[in-house]
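Order of appearance sets the numbers: ligands from 1, and atoms from 1 within every ligand.
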Amino acid sequence: MSEKIGFEPPRGMRDFYPSDMAWREKVFGAFRAAARASAFEQYDACVVENYDLLSRKAGEEVGEQIYHFMDKSERHLALRPEMTPTLARMVAQRQKELAFPLKWTTIAQCFRYERMTKGRKREHYQWNLDIIGEDSVLAEVEVVGTAVDALRRMGLTTADFRVRVSSRKFLGELLAKSGIAPERHSQVFMALDKRGKMPDEEIAAMLRDGGLGEDEIAATFRVMDTKDYSASPELVEFFRLAEVAGFASALVFDIGVIRGLSYYTGIVFECFDAKGEFRAIFGGGRYDNLLTTIGGTPTSAVGLGFGDVVVTELLKARLGEDAATARQGIAVGFMTEGERDAALRLATRLRAAGESVALSLRPQKPKKFFSRAGETSAKAVFIGPDDAAAGFARLKDLETRGEENIALDAAETAPPSI
Ligand code: HAM
């Protein structure tokens, strides 16, 4: 007996129906256009990666969220939860041949076994922008500026989102000044990253477990009240250059931005919608040690990941659910079987001329044809027996309602417009 299989995709995975693809294409189109405008080169890799490359120390959520499996030859493999380790591996493999600094981009499908909440799926597409081999803070400005450019291309303005910026290096210096030993900092970062997601008492307990005394815990919370970044030359320069590049109005300093991944070493940033309704739109920072960690030569790096899920939710809320479906192309329909050849001939000619043509596959009443065409197409031609006999039909602009004659046979020239 055959068992009935549900129609739902596995939990957390997404199907993309044509209306979903319209949104995905709008978002991906902005990603690609912004990356091109800033001259990032494209790269790609397989979604299946070696487990050992992806798993890291305890305390990092993403390490615990990896989908992994043994293949038939007992290789421990995984679906990547992010692209950065793969990028580091690819760069390390060709470190001698590549001309640094690299500016690389990709749209990578990533998998994380996450607790499902708004904006978090178990699979998402993540646009990555990375600059490898550059110490200057202009690298941070370039990646953040390119992400801001993409948001603008999607139809948002700097009033719609905020990029919260901090620096792990600066936070480390502040902690060190408060008497917290540098070897404790990575643990402190991981605990502080949970701020806002769990009560401060639980964070204090995590710090206590990490070996901090009560005075050190109090000092840590005091550091988190820092509002002034003028003691950090790199942050000062970052904000100044963002002003020059025209996106400083989207930035705010926030010492509380830590980032959940352990490899960041310098400036870190995270973008949210201005009303604070959604999860992070994108996040990233400087990670100067990752190449060394995986066995490569020391190389500085800056980058970000920008998921498709949250920004699509935000765009739907701000621009409307159907803002992605633009009517385009020409619909061609016919009344009876007698006009079918003429319709196919016209469609073929228009397609050869570069138009996108939706040819009706069966005879239709004009009302039905135009109501369907009006939903998807910008223009429409309907061929009835009289049109076929005359050798002309009317090409209607469905937006402006304007009409012009169109010859059904290429050899004929249209009579003066009606
Ligand atoms: P991340 O903050 O873990 O960073 O992810 C970056 C972005 O990916 C998030 O801001 C969010 O838009 C999206 N994202 C992450 N997880 C999910 C999920 N489960 N569902 C939907 N969207 C999600 C990284 O992954 C770093 N590797 C980014 C980076 C690149 N750093 C340097 N280069």
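- Note: F269 and F282 have perpendicular aromatic rings, judged against thresholds of 30 and 60 degrees for the angle between ring planes.
- Taking atom 28 (C) of ligand 1 as the reference point, the nearest protein heavy-atom neighbour is G305 N, 3.4 Å.
- With a 4.0 Å heavy-atom cut-off, ligand 1 is reached by the side chain of R259 but not by its N, CA, C or O.
- Considering backbone and side-chain N/O of V310, none are found under 3.5 Å from N/O of ligand 1.
- Using modelled atom types, one finds a donor on one side chain and an acceptor on the other under 3.5 Å when comparing E234 with S167.
- With no hydrogens or angles considered, a side-chain donor-acceptor pair links T117 and R279 at under 3.5 Å.
- Contacts between R120 and ligand 1 below 4.0 angstrom, taking non-hydrogen atoms only, involve backbone and side chain alike.
- Atoms CE and NE2, from M190 and H185 in turn, are 13.0 Å apart once rounded to the nearest 0.5 Å.
- Here is the list of ligand 1 atoms found below 4.0 Å of a heavy atom in V309: 21 (C).
- Of the protein's heavy atoms, K121 N, 3.0 Å lies nearest to atom 20 (N) of ligand 1.
- Using modelled atom types, one side-chain atom of T157 and one backbone atom of A159 make a donor-acceptor pair closer than 3.5 Å.
- Contact annotation for L304 and ligand 1: only backbone heavy atoms (N, CA, C, O) come within less than 4.0 Å of the ligand.
- At a heavy-atom distance under 4.0 Å, no atom of V311 approaches ligand 1.
- When hydrogens are left out, the protein atom nearest atom 21 (C) of ligand 1 is G119 O, 3.3 Å; that is the closest non-hydrogen contact.
- For atom 33 (N) of ligand 1, the closest non-hydrogen atom of the protein is D130 OD1, 2.8 Å.
- Among all protein heavy atoms, the one lying closest to atom 5 (O) of ligand 1 is Q126 NE2, 3.3 Å.
- In this structure, F31 has its ring center closer than 6.0 angstrom to the ring center of F306.
- Counting heavy atoms closer than 4.0 Å to ligand 1, residue Y264 contributes side-chain atoms (C-beta onward) but none from N, CA, C or O.
- At under 3.5 Å, a nitrogen or oxygen of H124, whether backbone or side chain, sits near a nitrogen or oxygen of ligand 1.
- Around atom NZ of K367, no more than 12 heavy atoms belonging to other residues, nucleotides or ligands sit under 6.0 Å away.
- Of the candidates K121, Q126, R14, R24, D308 forms a side-chain hydrogen bond (donor to acceptor under 3.5 Å, both in side chains) with just one, namely R14.
- Side-chain contact check for V165 versus V144: every heavy-atom pair is 4.5 Å or farther apart.
- Those atoms of ligand 1 that come under 4.0 Å of a heavy atom in L261, given as number and element, are 3 (O), 4 (O), 24 (C), 26 (C).
- Scanning the protein for heavy atoms near atom 11 (C) of ligand 1, the closest one is A280 O, 3.8 Å.
- At a 4.0 Å heavy-atom cut-off, ligand 1 touches Y263 through the side chain alone.
- When each atom of ligand 1 is checked for a heavy atom of T84 under 4.0 Å away, the hits are 26 (C), 27 (N), 29 (C), 30 (C), 31 (N), 32 (C), 33 (N).
- Between Y287 and Y263, the ring-plane angle classifies as tilted under the 30° and 60° cut-offs.
- Nearest protein neighbour of atom 27 (N) of ligand 1, counting heavy atoms only, is E82 OE1, 2.5 Å.
- Side chain to side chain, D44 and Q42 fail the donor-acceptor criterion of an N or O pair below 3.5 Å.
- R112 NH2, 3.0 Å is the protein heavy atom nearest to atom 25 (O) of ligand 1.
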- [ ] Show your working on side-chain hydrogen bond (donor to acceptor under 3.5 Å, both in side chains) between Y264 and R168 and close with a plain yes or no.
- [x] CA-CA 7 Å; Y264 294 109; R168 278 204 187 169; over 6 Å; no
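- Atoms of ligand 1 found under 4.0 Å from any heavy atom of G283 (numbered from 1 in listed order, with element): 10 (O), 28 (C).
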